[in-house]
> 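Input: one structure, supplied below.
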Amino acid sequence: KRVLLVNFVLVLRVYTVDLLTLKRRMWAMTPPTMPRPHPGHMLYRSRDTMFSVRSDIPELAKTLIKPWLLVASMTRIVLRSHSRPSEVPLSEQNRMLQRSRAEFASPTGRRSKDLFFLLTPTDKDKHQTLGRGEKTAKMRMQLKKSRSSRQLLKLFHNALQDGKVDASVVGAALQRCGQGLWWNALIKIRKLQEQHGIVLHCIEHNIFNHALASCLKCRKCTASQMNIRKAKAFRVAREIWGHPVPSNAADFNCALSSAFQVCARAGSSEAFTWADELWTWSEGQPFEKSMVTYTARMFVYEMQGRHAEVDATLKLCLQRNLDLNAVVLGTLMEATAARVDPKRADALWEALVHPSQVEPNFLVYTAYAKVHLLSGQPQNAVSIIDELMQERKGDMDYKLAVDYLQALLIMCHSSLSSAHMTSLHQFLDKGATIVARKSAKSGKQNWKSLKVLSQKLLSSPENLCFKDLLVTSTASQSLMQDWENYQAGTN
C-alpha cells in the first residue's frame, strides 16, 4: 500500500508540472491582437489552434487534457461572435440590460438562456444568415474587441489580405465603429467592402444604419462637420435601403427601426419626408410591427415636434396590447432633450408615468433630468433625481451621479443656502463610490473636475464664477452657456 501511495504521489507531481508547462506555453502563443486571458482559460482558443500545438505538449498532459479539449470544442464558445455586455460602451450596456425581455427575439448566444442583450440575435437555425461563416467567427470576435479605430482598421486590412472577410466580418466591423462613434473608420470599412465586392445582406445593412445613427451623436466634431456627416449618413441610408427587401418579420422590423434612427438623427426635411414614405410603404407589408419599430417611429415624430402623432401612436400601441415601457419613455425624453422642450417632457411624464402605465428606471430619470438641465433648470433636475433616490427605482449609475453633482453644484452656487451645501457635501462621498465602481473614462474625468469645484465652493465660494461650473457636455451645451458670468450667491 505504501509503495502504491508513493507511486501515485510521484505520478500526480509529474501531471502537475506538465499541466503548468502547458499553461505557460498556451499563454505565450496567444496572438498579440487578442487580450491575453488567464493561462487556464483555454476556451479562448479555437479547437484547431488547440490541437495544432499538441506536438508541443507532453504526452502525459495530452492524455489528461484531450478529452477536456473535445468537450470544450463542442461547446463552441470560441465560435460565438455575439456582442456581450462587457464588450460595448457602458451607456449602451445599461440601455440594453434595462430593456424588457418581451422585446427580445431570443436570449443572446447559443447556450445562454438568461442573457438578454441583443434584440434579434443572429441564429442560423432561425434567421437567414447568408455570408456568415464559422471560419470567420474568430475574426468577428477580435474586431468587436478592438479598443481603437486604428486597431480595428489594421485587423480588417489583415483579414482582407488573408481572405478571411465575409459579410458577417464587415457587419462586426461596422457595429464596432458605431459603438465607438468612429465615423471615419465606418466610412473606410464601407469603401473597402464595396471595393472588394463583398455583398451585404439585411442584417449587415441594419447594423450599418444603426452605426450611422450612433455616429451622429458624437459631440467631438464641429457643427459644420456634423452637418456634413448627417447629410452623408442620410444619403447612404437611402442607397442601401431595399438591397435586399426584408423578407421576414425580424428583418422588416430591424430595417424600419434602424432607418428611422438615421432619419431622426439626420433631422433634415428630406430625412423626415423619407421616414413618412417608409411608414406608408410599411403599412402595405404583411409583417406585424414590433414595439421597437413603433418606438423608433415615435422618435422621428417627436424630433419633428409632431406631438399629436406621438400621442395617437401611443394609443394605438395600447389598443394592440403592446408594452409601453421605460425604453419608450426614455426614447421620447431623448427627443425632447434634443429639442430642449421641458414642457413637452413634463407632459409625457404626466401621461405615461403617473397613470402607472410605465415604471421608469434610472435611465429614464437620467434623460428626464437632462431635459431640464439643458433648458437651464438645474433645480428641477435635482428634484427629479431626488425623486428617483427616494423611491429607489434602480441604482444610480455614473452618468446620473455626474449629472446630479453638476446640477447640485450650479444650484448651490446660485443660492449658497446651508441646506443645499449640506446636500452637496453628503453626495460627494456617495457619488465617488458610484463612479469608482464602474465608469467610463469621461465620467471619471468629469467627476474629478466637479469634485474640485465643489470643494472650492464649500470652502471659498467668492472665488468661483458661474461659467467656471459648466463642466459636463450637457451643461456646457445648455441654454446656460449664454447666461452672464454671475458671482456666487446672486441667484
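The first residue of the sequence shown is numbered 1, and numbering continues consecutively from there. Since this is a predicted model, take the numbers as computed values, not measurements. Just so you know, these numbers use all the heavy atoms, side chains as well, and skip hydrogens, waters and symmetry mates.
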> Looking only at heavy atoms, what is the nearest atom pair of Trp241 and Ala259, with distance?
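Where Trp241 meets Ala259 most closely, the heavy atoms are CZ3-CB, 4.1 Å.
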
> Could you go through the salt bridge (Lys or Arg N to Asp or Glu O under 4.0 Å) check for Arg190 and Glu194 one step at a time?
CA-CA 6 Å; Arg190 168 65 172 171; Glu194 291 180 316; 3.2 Å; yes

> Give a yes or no answer on whether the side chain of Asp386 reaches the backbone of Met389 with a donor-acceptor pair at less than 3.5 Å.
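No, the answer is negative, given that no donor and acceptor are paired below the 3.5 Å cut-off.
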
> Among Leu174, Asn184, Leu143, Val169, find the one that has a side chain to side chain contact (heavy atoms under 4.5 Å, CB included) with Ile189.
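The side chain to side chain contact (heavy atoms under 4.5 Å, CB included) with Ile189 is passed solely by Leu174 among Leu174, Asn184, Leu143, Val169.
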
> Within the side chain of Arg339, is there an N or O that forms a donor-acceptor pair under 3.5 Å with the backbone of Met303?
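Pair found, side chain donor or acceptor close to backbone of Met303.
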
> Consider only side-chain N and O atoms of Arg176 and Ser146, and report whether a donor and an acceptor are under 3.5 Å apart.
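Ser146 and Arg176 do not have a side-chain donor-acceptor pair below 3.5 Å.
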
> Working note: Asp276 + Arg297, criterion salt bridge (Lys or Arg N to Asp or Glu O under 4.0 Å); need CA distance, chi angles, decisive distance, verdict.
CA-CA 9 Å; Asp276 291 339; Arg297 183 55 177 141; 2.6 Å; yes

> Is there a side-chain contact between Ile385 and Tyr368 (heavy atoms, below 4.5 Å)?
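They are not in side-chain contact.
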
> Using the test ring pair (Phe, Tyr, Trp, His ring centres under 6.0 Å), find all partners of Tyr486 that sit at least two apart in sequence or belong to another chain.
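Expected list: none.
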
> So, do Val262 and Val236 sit near enough that their side-chain heavy atoms are less than 4.5 Å apart?
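The answer is no; the side chains never approach within 4.5 Å.
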
> Look up atom CD1 in Ile384 and atom CG in Asp403, then write down how far apart they are to the nearest 0.5 Å.
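Here the rounded value is 11.5 Å.
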
> Looking at Asp468 and Cys465, would you say the former's side chain and the latter's main chain have a donor-acceptor pair under 3.5 Å?
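Flag set: sc Asp468 to bb Cys465 pair under 3.5 Å.
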
> Return yes if a side-chain donor-acceptor contact under 3.5 Å exists between Thr472 and Thr474, otherwise no.
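Absent: no donor and acceptor within the cut-off.
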
> Apply side chain to side chain donor-acceptor pair (under 3.5 Å) to Arg219 and Ser473, showing your working.
CA-CA 8 Å; Arg219 297 177 177 179; Ser473 57; 2.3 Å; yes

> Going by distance alone, is a donor N or O of one side chain under 3.5 Å from an acceptor N or O of the other, for His420 and Ser415?
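Judged by distance alone, the side chains do pair up.
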
> Ala337 and Leu374: which non-hydrogen atoms are nearest, and at how many Å?
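Answer, listing the atom of Ala337 first, then Leu374: O-CD1, 3.5 Å.
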
> Just how far is it from atom OG of Ser449 to atom NZ of Lys444, taken to the nearest 0.5 Å?
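Taking OG in Ser449 and NZ in Lys444, the distance rounds to 14.5 Å.
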
> Tell me if a side-chain donor or acceptor on Gln175 pairs with a main-chain N or O of Gly171 at a distance below 3.5 Å.
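Such a contact is absent between Gln175 side chain and Gly171 backbone.
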
> Is any side-chain heavy atom of Val340 closer than 4.5 Å to one of Val371?
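Answer no - side chains too far apart.
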
> Taking NZ in Lys456 as the centre, count heavy atoms belonging to other residues, nucleotides or ligands within less than 6.0 Å. Is the count above 12?
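Incorrect, the count does not exceed 12.
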
> If you look at every heavy atom in Ala266 and Leu216, which pair is closest and at what distance?
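Scanning both residues completely, I find the closest heavy atoms to be N-CD1, 3.9 Å.
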
> If we only count heavy atoms from C-beta on, is the Asp341 to Lys343 side-chain gap below 4.5 Å?
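Counting from C-beta outward, Asp341 and Lys343 do come under 4.5 Å.
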
> Between Val358 and Asn325, does a side-chain contact (heavy atoms from CB on, under 4.5 Å) hold up when you go through it step by step?
CA-CA 5 Å; Val358 175; Asn325 52 39; 5.6 Å; no

> Would you tell me whether Asn248 and Asp251 have side-chain atoms, one donor and one acceptor, within less than 3.5 Å of each other?
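There is such a pair between these side chains.
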
> Just wondering, do Cys221 and Arg229 contact through their side chains at under 4.5 Å, heavy atoms?
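Yes - at least one pair of side-chain heavy atoms lies under 4.5 Å apart.
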
> Spell out, as yes or no, whether a donor-acceptor pair under 3.5 Å connects the side chain of His205 to the backbone of His243.
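Present.
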
> Describe, in one word, how the ring planes of Trp279 and Tyr294 are oriented to each other, choosing from parallel (under 30°), tilted (30 to 60°) and perpendicular (over 60°).
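Correct class here is perpendicular.
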
> For Trp349 and Tyr365, take the angle between the two ring planes, folded into 0 to 90°, and tell me which bin it lands in: parallel under 30, tilted 30 to 60, perpendicular over 60.
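If you compare the ring of Trp349 with that of Tyr365, the planes turn out perpendicular.
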
> Which is it for Lys232 and Arg235 under the side-chain contact (heavy atoms from CB on, under 4.5 Å) test, yes or no, and what are the steps along the way?
CA-CA 5 Å; Lys232 185 173 182 63; Arg235 184 171 66 253; 3.5 Å; yes

> Within a reach of under 6.0 Å around NE2 of His425, are more than 12 heavy atoms found that belong to other residues, nucleotides or ligands?
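Result for NE2/His425: open.
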
> Between the side chains of Asp346 and His372, does any donor sit under 3.5 Å from an acceptor?
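On atom types as modelled, these side chains qualify, holding a pair under 3.5 Å.
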
> Tell me if the CD atom of Glu484 is crowded by more than 12 foreign heavy atoms within 6.0 Å.
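For Glu484, atom CD is not crowded (no more than 12 foreign heavy atoms under 6.0 Å).
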
> Side-chain donor-acceptor pair under 3.5 Å between Thr336 and Arg344, yes or no?
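Short answer, no.
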
> For Leu416 and Leu457, what are the C-alpha separation, side-chain angles and deciding distance, and is it a side-chain contact (heavy atoms from CB on, under 4.5 Å)?
CA-CA 9 Å; Leu416 292 181; Leu457 183 65; 4.2 Å; yes

> Less than 4.0 angstrom from a charged side-chain N to a carboxylate O is my criterion; do Glu309 and Lys315 meet it?
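Here Glu309 does not pair with Lys315 in a salt bridge, since their nearest N and O are not under 4.0 Å apart.
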
> Applying ring-ring contact (aromatic ring centres under 6.0 Å, His included) to Trp447 and Tyr398, what does each step give before you reach the verdict?
CA-CA 9 Å; Trp447 180 266; Tyr398 79 94; over 10 Å; no

> Measure from the ring center of Phe299 to the ring center of Phe260 and say whether it is less than 6.0 Å.
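Ring centres of Phe260 and Phe299 not closer than 6.0 Å.
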
> Find the distance between CG (Leu314) and CE (Met298) and round it off to the nearest 0.5 Å.
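Spacing of CG (Leu314) from CE (Met298) equals 4.5 Å.
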
> Would you sort out whether Arg140 and Thr136 count as a side chain to side chain donor-acceptor pair (under 3.5 Å), showing the intermediate values?
CA-CA 6 Å; Arg140 293 195 297 269; Thr136 57; 2.9 Å; yes

> Given side chains that start at C-beta, do those of Pro244 and Cys202 come closer than 4.5 Å, heavy atoms only?
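A side-chain contact under 4.5 Å exists here.
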
> Is there a donor-acceptor contact under 3.5 Å from the side chain of Asn227 to the main chain of Lys230?
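Here the side-chain-to-backbone pair does not exist.
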
> Who passes ring pair (Phe, Tyr, Trp, His ring centres under 6.0 Å) against Phe234, sequence neighbours left out?
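With sequence neighbours excluded, Phe234 shows a ring pair (Phe, Tyr, Trp, His ring centres under 6.0 Å) to Trp274, given in chain and number order.
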
> Rounded to the nearest 0.5 Å, how far apart are CD1 of Ile410 and CG of Leu373?
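It comes to 5.5 Å.
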
> Are any side-chain N or O atoms of Thr222 and backbone N or O atoms of Gln225, one a donor and one an acceptor, separated by less than 3.5 Å?
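Checking the backbone N and O of Gln225 against the side chain of Thr222, a donor-acceptor pair under 3.5 Å is found.
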
> Taking all non-hydrogen atoms of both residues into account, name the closest pair between Gly443 and Val435 and its distance.
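That would be O-CG1, 4.3 Å.
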
> Is there a donor-acceptor contact under 3.5 Å from the side chain of Gln193 to the main chain of Val199?
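No, the answer is negative, given that no donor and acceptor are paired below the 3.5 Å cut-off.
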
> So, do Leu322 and Leu316 sit near enough that their side-chain heavy atoms are less than 4.5 Å apart?
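SC-SC contact between Leu322 and Leu316 ruled out.
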
> Is the closest side-chain donor-acceptor distance between Asn253 and Thr293 under 3.5 Å?
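Asn253 vs Thr293: donor-acceptor pair found between side chains.
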
> Please name the pair of heavy atoms, one in Gln481 and one in Ser476, separated by the smallest distance, quoted to 0.1 Å.
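Closest pair (atom of Gln481, atom of Ser476, distance): OE1-O, 3.2 Å.
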
> With distance as the sole test, does Ser414 use its side chain to make a donor-acceptor pair with the main-chain N or O of Met411 at under 3.5 Å?
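Not a single qualifying donor-acceptor pair exists.
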
> Taking Lys144 for the side chain and Ala173 for the main chain, is one N or O donor matched with an acceptor at less than 3.5 Å?
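Flag not set: sc Lys144 to bb Ala173 has no pair under 3.5 Å.
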
> Can you find a heavy atom in the side chain of Val310 that is under 4.5 Å from one in the side chain of Leu332?
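In short, these two side chains touch, coming nearer than 4.5 Å.
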
> Does Lys289 form a salt bridge (Lys or Arg N to Asp or Glu O under 4.0 Å) with Glu283? I'd like the steps, not just the answer.
CA-CA 9 Å; Lys289 297 183 181 71; Glu283 293 292 273; 2.6 Å; yes

> Which heavy-atom pair separates Gly178 from Cys215 by the least distance, and what is that distance?
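Closest approach of Gly178 to Cys215, heavy atoms only: CA-SG, 4.5 Å.
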
